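Heads up, the thing below is written out as structure tokens.
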Amino acid sequence: MFDQLTQSFETFFRNLRGHGKLTEDNIKDSLREVRRILLESDVNFKVVKDFINNVQEKAAGQEVLRSITPGQQVIKIIHDELVRLLGEGFSRLDLSGMPPVPIMVVGLQGSGKTTLIAKLGLHLRRKGKFPLLAAADVYRPAAIDQLQQLGRQLDLPVWAPGVKDPVDICSGAMSEARRTTRDVVLLDTAGRLHIDEPMMQELERIRDTLKPPEILYIADGMAGQDAVRAASEFLERLDFTGIVLTKLDGDAKGGAALSIRAVTGKPIRFIGTGEKPDALEEFHPDRMASRILGMGDIVSLVEKAQESVDQETAEKFARKVARAEFDLDDFLEQLRQLKKMGPLDEILGMIPGLGKQMKGMQVDERDMKRTEAIICSMTPQERHKPGMINGSRRRRIAMGSGTRVQDVNQLLNQYEQIRNMMKRMGKMKGRTGGQFPFPMPKS
Amino acid sequence: MGLFSKLINGLGKTRQRLGDSIRRVLSLHPRIDDTLWSQLEEALISADAGVATTAALLAALKEKLKHQPVESDNVAEGVRLLLEETIEEMITPAIGNGLNLSATPAVLLIVGVNGSGKTTSIAKLTRHFQQQGRKVLLAAADTFRAAASEQLITWGDRLGVQVISQKPGADPAAVAFDAFQAAKARAYDLLIVDTAGRLHNKDNLMQELNKIGRVLKKIDSSAPHEVFLVLDANTGQNMIQQARVFQEISGVTGLVLAKLDGTARGGAVISVCRELSIPLRFIGLGEKPEDLAAFDPREFARGLFEAPEEKA
């Protein structure tokens, strides 16, 4: 996500940092480069213009030119502007009010509404809510089927009464929620063009009937310059309360995210990062700005780890690291924990400074499976004391796991490297962490 | 009725209100100066033409102006026509022959990212080929997304064509294979295969697509005869990367630009044509089966500029 934008910025910053002194011409040249990066990332033309002007104004101040590290100063200005563009703080979904609380989900065709409804349902249930999904897309063939199937997969109730009027479906869903004591109702509306008058009126009718405290506008993360126009039109008609960006697991540079936020002034609530129902993240503007600029997002990483790693295992592991008793069983355990956290490349992208090194390195999930198979083909003794694995054992393990002896060797080497690293880390304990260009934002 | 007049009629007032920036830019500038250039740049970038392609277009335009200066009393019109011409030259692909669908049955594979408009485009293509008198069979090889085959089957019912489908989660290549055999056995003219939407950076899903192609070749080594990539006109610069990867994996032979009935101009497709020389075959202009038109470079170029009120 935002990978390419990050890459462009990393290269650019490296060049910028190299300057001992900056002149106004230097800054102008750099900003021309920033402009190109942003435009190629599909940030809206007008938004880019404003962004550049703002940075230019702030950078023109004497302090920047006179400071010892002018490059750093400019980077900081860009970071701050980016945070401003993405919205200041994290803003939570407003679910106050008398339950059941309706949440309306709207957007263009193919932006990912139905998938998002399922993800949001799962997300809210994990937060202790009892959502009901309402299938109000009566136009697209099999849209209702799709929501029903997703509901079944996730064990979430779906309201699909088989009537034709979306307004009726939505108010029916509210009664149903009251009857079955569901506290949130997620309304899946049909995709529509912002210039389709009758369809936009239909959305207004739903809004006027249900008065939802939250209307989420779903935008395709790959959208181009026109994203702003569509979003503005939806804003004007519905005054939506939040934005969800989808398909950010592709290699889109995600500039539309910045533009839509900047132009509508509404917060980005969530980002969709995959097809699986749990591929939904809350959106933290400050962290995202750091991630875009290639400074990593250690806060999200830690949170993600906390979500999927159980505390006890983690502590046990920490003790082992400290005493350097890390064996192959632990290795396997770590591997499985990591897998639970989500796609590996995404996780690695959150580690500060790793962005650059990861370029072109395809993290193959199949490698992880192979590793798992190899370790599972070892006896408990072998896993505990890998030193005992001699040539004949290696052959047996390779055959047992359907791999080659080279693969087994490679794994053992890797394990050895990690163990050495652990030993060093154990000694380093107590020291402060790595150095960041400037303090990591707090959430 | 021309393609874009259809488009414009459908859009009515909103499009008029949005006006047309390039034409406006030109009418405001009786002289060719720096302001004109920078505003032309803005207009092209706002149509998603992209930084590099915009620069290339403007450079080509400048070159043209050197050789054929525009008359001083009608600079706006002259520059517009030249720019249209430049765009047209860039998107008229070098290899734009007719469709290679003469085999019986011929196989047309439809690919694209999630939500680009594949299934709706298939409905439109089905109608298009039906009108040419061809007997069409559909294969629901999107076995991944919930209710994807139901969606295709609904279209099949509406259009009166058969749909070959299997259980959710079945191997898409197997669905395609079965459907091809059925098409052969029952003497269909054309098999259109719907595939699951996939982001082009998901390596395993792209390999799956590759497998569909390999399996089809077991029945007929020249299949699939055409592979259409469906692109969403709303997509920005990522469109180029999409086209590049899909072409590499599944040998895309044609493009369908969907959702041109909105306000997005689909200008990113200029870069796709420029860099990859894949012919743009059809454009999608709505949700109904008849909302499909053959692509015409001249009309497309003009559509980037045309002001609706003058067309009406």
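No experiment lies behind these values; they were computed from the predicted model shown. To find a chain, count down the sequence lines: A is the first, B the second, and so on, and within it residues start at 1.
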Open item on the list: Just verifying a value: how many Å separate A:D42 CG and B:T235 OG1, rounded to the nearest 0.5 Å?
Closed with: 9.0 Å
- [ ] With rounding to the nearest 0.5 Å, note down the distance linking OG1 in A:T115 to CG in B:N114.
- [x] 7.5 Å
Open item on the list: Quick check: do B:N234 and A:L108 have side-chain heavy atoms less than 4.5 Å from each other?
Closed with: yes
Task: Distance (rounded to the nearest 0.5 Å) between A:L248 CG and B:L199 CG - done: 10.0 Å
TODO: Using non-hydrogen atoms and a 4.5 Å limit, figure out which bit of B:V245 sits close to chain A: side chain, backbone, both or neither.
DONE: neither
Open item on the list: Are more than 12 heavy atoms, taken from residues, nucleotides or ligands other than A:Q201, located less than 6.0 Å from that residue's CD atom?
Closed with: yes
Open item on the list: Using the rule given for side-chain contact (heavy atoms from CB on, under 4.5 Å), can you reason through A:D226 versus B:R265, listing the C-alpha separation, both sets of side-chain angles and the distance that settles it, and then say yes or no?
Closed with: CA-CA 8 Å; A:D226 202 59; B:R265 306 293 172 92; over 6 Å; no
- [ ] Name the region of A:R140, side chain, backbone, both or neither, that has any atom closer than 4.5 Å to a heavy atom of chain B.
- [x] side chain
- [ ] Considering non-hydrogen atoms only, spot the tightest contact between A:I195 and B:D261 and give its length.
- [x] CD1-O, 3.5 Å
- [ ] Mind running side-chain contact (heavy atoms from CB on, under 4.5 Å) on A:Q146 and B:E150 for me, showing each step along the way?
- [x] CA-CA 9 Å; A:Q146 187 186 352; B:E150 283 85 343; over 6 Å; no
- [ ] Between chain A and each of B:D48, B:I153, B:L152, count heavy-atom pairs under 4.5 Å; write down the option with the most.
- [x] B:D48
TODO: Measure A:I144 against the heavy atoms of chain B and call it side chain, backbone, both or neither at under 4.5 Å.
DONE: neither
Open item on the list: To check you understand the geometry: which heavy-atom pair defines the closest contact between B:K259 and A:Q109, and what is its length?
Closed with: NZ-O, 2.8 Å
Open item on the list: Distance check, rounded to the nearest 0.5 Å: B:D232 atom CG versus A:M222 atom CE?
Closed with: 7.5 Å
Task: Heavy-atom contact with chain B under 4.5 Å, split by part of A:A227 - done: neither
Task: Euclidean distance, A:Q225 CD relative to B:T263 OG1, rounded to 0.5 Å - done: 12.0 Å
Task: Closest-packed option against chain A by number of heavy-atom pairs under 4.5 Å, given B:I45, B:T119, B:N204, B:T154 - done: B:I45
TODO: Sort B:L205 into side chain, backbone, both or neither according to what part of it lies under 4.5 angstrom from a heavy atom of chain A.
DONE: side chain
Open item on the list: Can you tell me which portion of A:E275 sits under 4.5 Å from chain B's heavy atoms? Options are side chain, backbone, both or neither.
Closed with: side chain
TODO: Working to the nearest 0.5 Å, report the span between CZ of A:R229 and OG of B:S46.
DONE: 8.0 Å
Task: Nearest heavy-atom neighbours spanning A:Y139 and B:R158 - done: O-NH2, 4.4 Å
